[in-house]
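Comments concern the structure below.
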Amino acid sequence: MSWGLLLVFALLSQTAAVWALFSPYPQAMQLGLFVVAHLVASLLLSALLLMVMPHRFARRRTWVLLLFVSVAFFIPVLGGLGLIVDMVYFRMTRKAIKRPEFHSLKIPPFLEEGSHIAQGMGEGGAWSRLRTVDLPRPQRLKALLAVSTTGGRKVNRLLRLATGDTDDEIRLLAFNLFDRQEKVVTQAISQNLGELKKVRGSAQRAELCRSLALSYWEMVYNDLAQAELQNFFVEQSLNYASQACELGGDDPAMALLIGRIHLLRGQTDQAEAMILKAQSLGALPARVLPYLAEIAYTRRDFKALTDYLQQETSLKHKPGIGPVAQFWGVASWQK
Amino acid sequence: MAKVKFPKASQVDIMLLLEGTFPYVSGGVSSWVNQIVRGFPQWRFGAVFLGSQREDYEEFKYDLPDNLVHLEEHYLHGGQPKPVVTPCQGNPEGFDAIRRLHEWFLNHQQGILPEEMKSLAFYRDSPHGVDFIQFLHGERSWDFIAEKYRSRCTDPSFVDYFWTVRNMHTPVWQLAEIAANLIPARLYHTVSTGYAGFLGALLHHATGRTLLLSEHGIYTKERRIDILHNEWILDRRNPLQKDLTEVSYYRELWIRFFETLGRFCYDAAGTTISLFEGARQREIADGAPPERTRVIPNGIDLSRFSPLRRQRPAVPPPIIALLGRVVPIKDVKTFIRSLRILSSHIPDVQGWIVGPTDEAPHYAEECRRLAESLAVADRIFFKGFMDPRELFPQIGLLALTSISEGLPLVALEGYAAGIPLVATDVGSCRQLVEGVGEEDEALGHAGAVVPINNPQAVAEACLTLLSDQDVWQKAQAAAVARVERFYTQKRMFAEYRQLYEEGLAPWQA
């Protein structure tokens, strides 16, 4: 039934209720007829108002409906009028916005006719396909393309593996994808080095040194360099992080970075000191605690490890560290 | 070098079909073309240069040999005037042939290429063909494109599809026009498949004369790599439509187009020549009939370089040269990174990058910046062009960090001067360094082979050769022996002379 027809019924019911009060029937019947007709009118008006209201205003619909019915029923004339005014308001404003609800959108054209959307593949699938040299080239190329949009250290390792492939096309595609990742960081370094030569103010220099420290570290963290070249990047990162601290004062991010560099080099005491410093400077517990836990682990101090991981409950739900925190973060394993 | 006037002739013995190489672009293929023309003064050569657009090329990089008596240039994306808009229906037979050709694209079976497509008349004025006006303005052309879009294209934009198809196919009609107007030749020789190879195939079918194909790199493979990484090829699918493991439709389309041009050329070539066995196998996989393929390695003029051996120092100078164009395929960045590592072990080490930087100036700039970010800018020298005979006496090693190679001439030239090579394991580099076959391998290693994109391996190999005089001397000896035994110009010319004589024989004047 249409919205307009229901409104007509509601108004007719209300008219019938008013007519019942002035009808020639006995008083009890008058009252009965009025209550029934007025209740029907109130219900209809309330339901209609609920229909036109945006969903965000009427999440608990039953209670809202009861409220409207009560207003319309217990404030006989004004209540009903109020509901009608609200109805008009919502009808007009929603019409003016012309914003379709998300669920009312149709599927875009061509999507139905487009190619079959196959399941993608994760790193595991890509690794296994790339390692299978007997697999036809198109499937191995697909594996590379599947991971190429993501990035990160695991993907870079995979791309490096593929640059040693016996198939020319796999090798060249992997090389280009790897180069693309590396180029972004190198450009940032190059740009910052260029600016560093020009600026004079210590605040600006500190900021540039900070960026350089993070960019060089990015090369290491994303596994974009190996062996001696990686050592060079670590050295550069440490150098610029130290300069940033000297020029710009203590910075929790730089203190944490220096701590991580010491940790990478196996210098646990220096690493712990810097990470604790970062914590005291305001670094978030979720950022520093995993490294402190790692240091505790290398020292075989499992109680401290558990303590660190218990300090921040959110760690259990973070990707990567989550399963570690779930295992080591409970004291029960020690018993 | 001043711009040279184009020589013109009314007929030649051998017509070279060159795409993006000699005489405008320096590099291995161009040097080889120059070498071949000069090597056969008894024959009159002509050359057709095909380029993308005029502004991409500056001036000649080579002096033209005297026996190159005809040269013309054509640009395939240069905005040539289009025919006046002429509404027409289009020949039904012509479009049927195109339909069959598209089926051939999909199946890639040899021997079913429609015969009409081999005929030059098909593209020009045949009543049963499809000329340029019909392709541009024919209703059947529009219907065909629209039908293919509906049935095959996964990209939502018809406009992109339409213009991709137009831009992709326009050179085909241009090449037919070039073929129709080209001066007569007794033999055609293309140094790649692609557009030049297609032109060669058209000329072969139109004249019945022999077509030779010499592939230094594998054109189809190189285009495939370019296409997979080009950012100008659009993909307008939204994330819901896109399958990340799929190559976008347009990329596939371009790849299939070049594969088809390649098959067209392999089918027409009397002999397909590659530089080493791996490349020959690849050509066979791409559609070359195995019985018409053969390997002829590059060879060099030893007398130009062997006197340099006397000028070489007794101990290795800590100078490593990368001799080649500064372009991404040479992976100059890995060379720079390896210098970073080497500098910790050999304080006075230098890296010389000897080659033009104007072909990919952005890449050259990236290389310079990389050298700065690695704090080796004071050890890396971009030397530009240098005569190898001036360069070779000064350096200790040659390095090739390329990600794709054929059989690099610079390695052979370096060998002739007694310079060991550190090269990536691409193309025929392993064969050059370690030898192939019992006799060749017995000569020893003329340097070292390393994986691509591995600066640590490059640095370690260079360090071994530069720091151990005995290893360096042995590598020099192996280099000289290998080039003298297997890679002489005399040997290469003898094989080409035989092919040219066979091709020219039926048409002796």
Side-chain angles (χ1 to χ4, degrees), chain A residues 107-111 113-121 125-126 138-139 141-150 159-160 163-164 166 168-169 171-180 182-183 185-194 212 215-216 225-233 236, chain B residues 150-158 218 221-222 224-226 228-229 237-238 240-249 278 282 285 328-329 331 333-334 337-338 340-345 365-366 368-376 403-404 425-427 451-457 459-460:
Chain A
I107 295 174
F110 302 110
L111 189 57
E113 302 155 21
S115 63
H116 299 292
I117 296 170
Q119 292 291 314
M121 64 183 86
Q139 289 193 38
L141 280 174
K142 275 186 173 197
L144 266 187
L145 289 167
V147 296
S148 66
T149 48
T150 49
L159 293 176
R160 186 179 288 115
T163 54
T166 50
D168 253 8
E169 277 168 43
R171 199 169 56 200
L172 293 180
L173 178 61
F175 172 79
N176 278 298
L177 294 170
F178 186 87
D179 188 54
R180 206 180 286 180
E182 191 271 341
K183 196 154 74 177
V185 188
T186 305
Q187 273 175 350
I189 291 174
S190 164
Q191 194 179 337
N192 284 325
L193 282 173
L212 279 166
S215 295
Y216 278 114
Q226 288 185 308
E228 291 181 59
L229 205 54
Q230 190 183 73
N231 293 341
F232 170 78
F233 288 129
Q236 292 296 94
Chain B
R150 279 193 296 267
S151 62
R152 292 198 187 147
C153 184
T154 54
D155 196 281
S157 169
F158 176 71
I218 305 292
K221 181 190 82 183
E222 286 169 8
R224 180 185 273 270
I225 299 301
D226 286 348
L228 286 172
H229 296 96
R237 292 174 298 171
N238 65 40
L240 292 173
Q241 294 167 309
K242 207 176 283 187
D243 174 359
L244 296 177
T245 67
E246 295 283 346
V247 176
S248 87
Y249 182 78
R282 175 65 198 241
I329 206 161
D331 193 13
K333 289 180 181 178
T334 287
R337 290 184 195 111
S338 71
R340 169 69 258 162
I341 298 166
L342 269 172
S343 65
S344 328
H345 302 275
E365 187 53 35
E366 280 174 27
R368 285 197 174 90
R369 286 183 180 181
L370 178 68
E372 279 174 24
S373 72
L374 293 175
V376 286
I403 53 170
S404 181
D425 191 5
V426 293
I452 69 163
N453 191 30
N454 193 331
Q456 184 75 27
E460 282 170 8

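So you know, we letter chains A, B, ... as the sequences are listed, proteins then strands, and number each from 1.
Looking only at side-chain heavy atoms (C-beta outward), A:Gln236 and A:Leu212 stay at 4.5 Å or farther from each other.
Heavy atoms closer than 4.5 Å to chain B are found in the side chain of A:Leu193, but not in its backbone. Both the backbone and the side chain of B:Leu374 come within less than 4.5 Å of a heavy atom of chain A. The contact between A:Gln187 and chain B is made entirely by side chain atoms (from C-beta outward), counting heavy-atom distances below 4.5 Å. The part of B:Arg340 that comes within reach of chain A is its side chain, from C-beta onward, which places non-hydrogen atoms under 4.5 angstrom from that chain. Using a 4.5 Å cut-off between heavy atoms, A:Glu169 contacts chain B through both its backbone and its side chain. Only the backbone of B:Asp425 comes within less than 4.5 Å of a heavy atom of chain A; no side-chain atom from C-beta onward does. For A:Asn231, no part sits under 4.5 Å from any heavy atom of chain B, backbone or side chain. Using a 4.5 Å cut-off between heavy atoms, B:Arg282 touches chain A through its side chain atoms alone.
In terms of the salt bridge (charged side-chain N to carboxylate O under 4.0 Å, His left out) criterion, B:Arg368 has no residue partners (sequence neighbours excluded). When the ring pair (Phe, Tyr, Trp, His ring centres under 6.0 Å) test is applied to A:Phe233, the partners found at least two apart in sequence or on another chain are A:Tyr216.
Looking only at heavy-atom pairs under 4.5 Å with chain B, the residue among A:Ile189, A:Leu229, A:Thr186 that has the most is A:Leu229. Chain A forms the most heavy-atom pairs under 4.5 Å with one residue out of B:Lys221, B:Glu372, B:Lys333, and that residue is B:Lys221. Counting heavy-atom pairs under 4.5 Å between each of B:Gly427, B:Ser373, B:Ala459 and chain A puts B:Ser373 at the top.
Shortest non-hydrogen contact noted between A:Leu177 and A:Leu144 is CD1-O, 4.1 Å. Across B:Thr334 and B:Asn453, no two heavy atoms sit closer than the pair OG1-CA, 3.8 Å. In terms of heavy-atom proximity, B:Ser343 sits nearest to B:Val376 at OG-CG1, 4.3 Å.
Results of the side chain to side chain donor-acceptor pair (under 3.5 Å) test with B:Gln456 over A:Glu228, A:Gln230, A:Gln226 single out A:Glu228 as the only residue that passes.
Remark: side-chain polar atoms of B:Arg337 are not paired, donor with acceptor, to backbone N or O of B:Pro455 under 3.5 angstrom.
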